[in-house]
There are 2 protein chains.
Amino acid sequence: MEKRPITLKDIAKALDLSTSTVSRAMRGHPAISEETRKLVQQYAEEHKYKPNTLALSLRTNKNNTIGVIVPEIVHFFFSSVLAGIQDEAESENYHLLMCNSNEMYEREVKSVQTLLDARVCGILASMSKNTLEYRHFQNIIDDDVHLVFFDRICPGINADKVVADDYRGAFTAVDYLAETGCSRIAFLGSDSHLPISNNRRMGYEDALRKHKLPVEKKWIKVCDTTALAQQVIPEMLDEENRPDAFFCINDEVAAYCLQIVKASGFRVPEDISICGFTNGYITEVTDPALTSVDQHGYEMGREAARLLINRIEGVETKKGVVSRLIKTDLVIRQSTR
Amino acid sequence: MEKRPITLKDIAKALDLSTSTVSRAMRGHPAISEETRKLVQQYAEEHKYKPNTLALSLRTNKNNTIGVIVPEIVHFFFSSVLAGIQDEAESENYHLLMCNSNEMYEREVKSVQTLLDARVCGILASMSKNTLEYRHFQNIIDDDVHLVFFDRICPGINADKVVADDYRGAFTAVDYLAETGCSRIAFLGSDSHLPISNNRRMGYEDALRKHKLPVEKKWIKVCDTTALAQQVIPEMLDEENRPDAFFCINDEVAAYCLQIVKASGFRVPEDISICGFTNGYITEVTDPALTSVDQHGYEMGREAARLLINRIEGVETKKGVVSRLIKTDLVIRQSTR
DNA sequence: GAGGATTATGCACACGTTTGCATAAAAAAT
DNA sequence: ATTTTTTATGCAAACGTGTGCATAATCCTC
């Protein structure tokens with residue numbers, strides 16, 4: 001009952017040839033006569049011969065597979081990156097092994113182990129928010145497996161990286177807010193151990209300085225989840241010297257911010273401007289539509305995959321770390337003046 | 001310079017044993033003395049021996065990998081399903097090979113081929129909107145690879161499936177719309193060759209009949225993209241006998257519908273009620289927040305993966321097709337009365 | 001027509017495992 | 001002391017492929 005797929009050996013037996021001849025015939029080796037080559041290839045075609053990739057992998061110790069670790073799948077930005085990685089990998093004939101750390105350190109460690117055990121050629125990773133220990137990433141490098149970080153890079157590891165131009169994105173956005181008359185601009189960010197947040201904060205501060213606006217501690221908060229938003233934003237609105245603009249670390253926080261601000265009786269953007277980061281689906285369905293900084297996740301995915309594949313195939317040979325910056329673009333909608 | 005990972009053979013040589021003994025010692029075979037077993041296992045531990053999964057796969061012709069084909073990654077529902085699949089697969093020690101058809105028939109065919117070539121143990125698939133030819137799916141079955149469809153099933157193929165209870169979700173939603181006083185309820189659906197859309201339409205119609213409301217052709221439209229929404233909805237609002245409720249095939253269309261309706265000067269929900277389907281992120285950020293039918297994508301993913309794995313491991317032995325229905329829940333927010 | 005160059009094919013091994021069978025050594029039974 | 005049983009190990013083959021080397025067959029050249 002078991003239907004065994006046809007192998008080179010089967011073809012050899014059927015045609016009364018040796019497996020080596022068949023193997024060479026299939027790959028068009030010059031030392032094989034035109035006659036037998038055609039014979040073999042036709043027979044293979046007819047019997048739907050498919051090379052066993054497992055055997056091939058074993059022999060070359062290369063399985064044409066790259067592993068991906070994302071902190072969260074159900075997320076516009078990360079799924080965009082994933083789509084980019086997927087497209088690039090597919091066009092280069094690489095398979096994609098997917099892992100999801102779910103923002104948990106333990107699962108991230110386990111994912112790395114899983115991918116190394118699966119003998120992937122390289123790994124694309126974006127770090128979980130809760131990762132403070134980097135040993136597992138170092139293990140990848142120690143195993144001579146290529147590693148490229150995207151977006152959430154790991155500061156303690158010497159590896160290639162592809163990141164959005166967070167600094168410039170933040171600078172441009174805050175510059176725009178200031179240009180349009182906002183003078184008390186708040187920054188709702190993440191924990192400062194994440195380079196992503198830190199870089200944006202620097203862009204934010206530099207833009208303030210450019211406009212001779214004060215950098216106030218009380219207007220810089222860790223607020224990167226909707227739960228935190230519900231708590232932090234009302235407090236800020238209650239103060240006598242309330243912000244007249246919110247620059248948020250992601251679109252979700254911005255959207256909740258918008259709701260809270262409206263519910264508190266302020267008009268957007270007349271009283272308060274709001275700007276998000278990512279430029280995902282939700283920016284177009286809020287009322288008013290959300291101004292946001294486009295991170296070009298799809299492009300980041302493609303770029304990261306391309307860099308990794310170039311490393312794997314020895315096209316990229318730079319000794320040190322390669323860093324790619326994906327440009328960011330401010331997309332102005334109705335939530336800012 | 002090349003650091004080759006340590007193998008059973010290496011251990012054997014180092015300990016002056018045969019590879020077979022080492023192999024048995026590692027797996028705790030009873031015919032191996034306690035003494036050598038400990039010796040081997042300790043040596044393996046010290047030298048960080050990792051079994052080569054490629055070799056194992058070749059031997060057993062089983063690579064503990066399942067393939068997934070989704071029509072679109074950047075989509076709340078599908079990424080939710082993916083997350084569910086991922087979690088279930090991981091807990092059962094299966095790897096995930098991911099493909100993205102991007103709603104294109106050709107890429108779907110290619111994805112199937114890719115996965116079969118990779119010798120996956122099974123495939124989870126959701127059909128692209130543009131797929132009308134089913135031969136590639138039949139190939140999976142002919143190759144004796146397990147196949148489970150989720151959500152967008154393929155009507156022409158005899159395979160296991162896990163789907164949302166679309167009929168009941170639609171019925172419940174439309175029933176609720178009617179209960180709350182709507183009498184001219186429009187259905188913005190997909191092409192009727194998709195079972196998903198067809199089942200919902202039947203639920204929609206049955207709910208209308210229950211309330212003795214007429215089923216009008218002009219209130220049933222194909223409108224499953226935001227682009228179509230921009231075109232179709234204004235036309236419907238312009239008619240003298242305009243709908244007083246829109247039941248939409250997904251949240252995106254519902255959100256755009258909401259915008260268009262508001263922009264046309266109608267109040268939501270006082271003049272017109274709007275209901276979406278999926279219950280994704282955006283339902284909470286529109287104004288008013290969107291009533292929607294929760295499809296429980298994550299659960300669907302887990303269920304589909306579990307079913308597939310049960311098939312692979314011979315736990316599920318039913319001869320015919322197994323169909324699982326994932327319950328749907330109406331989540332009432334402010335876009336309906 | 002004998003030697004050399006060319007062409008086409010096969011043998012054997014390798015990749016890292018697992019496993020049926022044989023076997024050596026030790027222990028037990030007669 | 002010899003046979004039988006037990007225990008622990010090794011040999012060899014297998015999974016499906018690719019490749020260096022040997023070799024058989026053909027052709028050319030003088």
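By convention in this document, chain letters (A, B, ...) are assigned in the order of the sequence lines, proteins followed by strands, and residues within each chain are numbered from 1.
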Check step by step if salt bridge (charged side-chain N to carboxylate O under 4.0 Å, His left out) holds for B:Arg152 and B:Glu103. CA-CA 11 Å; B:Arg152 304 242 208 101; B:Glu103 302 283 14; 2.8 Å; yes
In whole angstroms, how far is the [atom2] atom of [N] from the [atom1] atom of [X]?
X       : N      : atom1 : atom2 : value
B:Asp10 : C:dG16 : CG    : C1'   : 10 Å
A:His29 : C:dG10 : NE2   : C1'   : 13 Å
A:His47 : D:dG16 : NE2   : P     : 17 Å
B:Leu8  : D:dC15 : CG    : P     : 20 Å
A:Asn61 : D:dG16 : CG    : C1'   : 16 Å
A:Leu56 : C:dA14 : CG    : C1'   : 14 Å
A:Arg37 : C:dT9  : CZ    : P     : 12 Å
A:Lys13 : C:dT9  : NZ    : P     : 20 Å

Residue-phosphate contact under 4.0 Å: [X] side-chain N/O, [N] OP1/OP2:
X       : N      : result
B:Ser20 : D:dA12 : no
B:Lys9  : C:dC15 : yes
B:Ser33 : D:dT9  : yes
B:Ser23 : C:dT18 : yes
B:Thr7  : C:dG16 : no
A:Arg59 : C:dG16 : no
B:Arg27 : C:dT18 : yes
B:Thr21 : D:dT9  : no

Answer with yes or no after comparing the ring centroid distance for B:Tyr49 and B:Tyr43 against a 6.0 Å cut-off, counting only values under it.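 So the answer is no for these two rings.
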B:Phe76-A:Phe76 aromatic ring centre distance below 6.0 Å: no
Looking for any heavy atom pair under 4.0 Å, which part of the strands does [X] touch: base, sugar-phosphate only, or nothing?
X       : value
B:Asn52 : sugar-phosphate
B:Asp16 : sugar-phosphate
A:Leu54 : nothing
B:Thr36 : sugar-phosphate

Side-chain donor/acceptor of A:Glu108 to backbone N/O of A:Ser128, under 3.5 Å: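 Yes: the side chain of A:Glu108 pairs with the backbone of A:Ser128.
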Just by distance, do the side chain of B:Asp151 and the backbone of B:Val162 share a donor-acceptor pair under 3.5 Å?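 No; judged by distance alone, with no hydrogens or angles, the pair does not exist.
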Considering only side-chain heavy atoms of A:Ile32, which listed nucleotide, D:dG16, C:dT17, C:dT9, is closest?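 The listed nucleotide nearest to A:Ile32's side chain is C:dT9.
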Between C:dG16 and A:Arg119, counting only base atoms on the nucleotide and side-chain atoms on the residue, is there a donor-acceptor pair under 3.5 Å?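 By the distance-only test, no, there is no pair.
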Between A:Arg24 and B:Thr19, just flag the one whose closest nucleotide in DNA chain C comes earlier from the 5' side. A:Arg24
Check whether any side-chain heavy atom of A:Phe137 sits under 4.5 Å from a side-chain heavy atom of A:Ile141, and report yes or no.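 Counting from C-beta outward, A:Phe137 and A:Ile141 never come under 4.5 Å.
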By nearest nucleotide on DNA chain D, pick out whichever of B:Glu34 and B:Ala55 is the more 5' one.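 On the 5' side of the pair lies B:Glu34.
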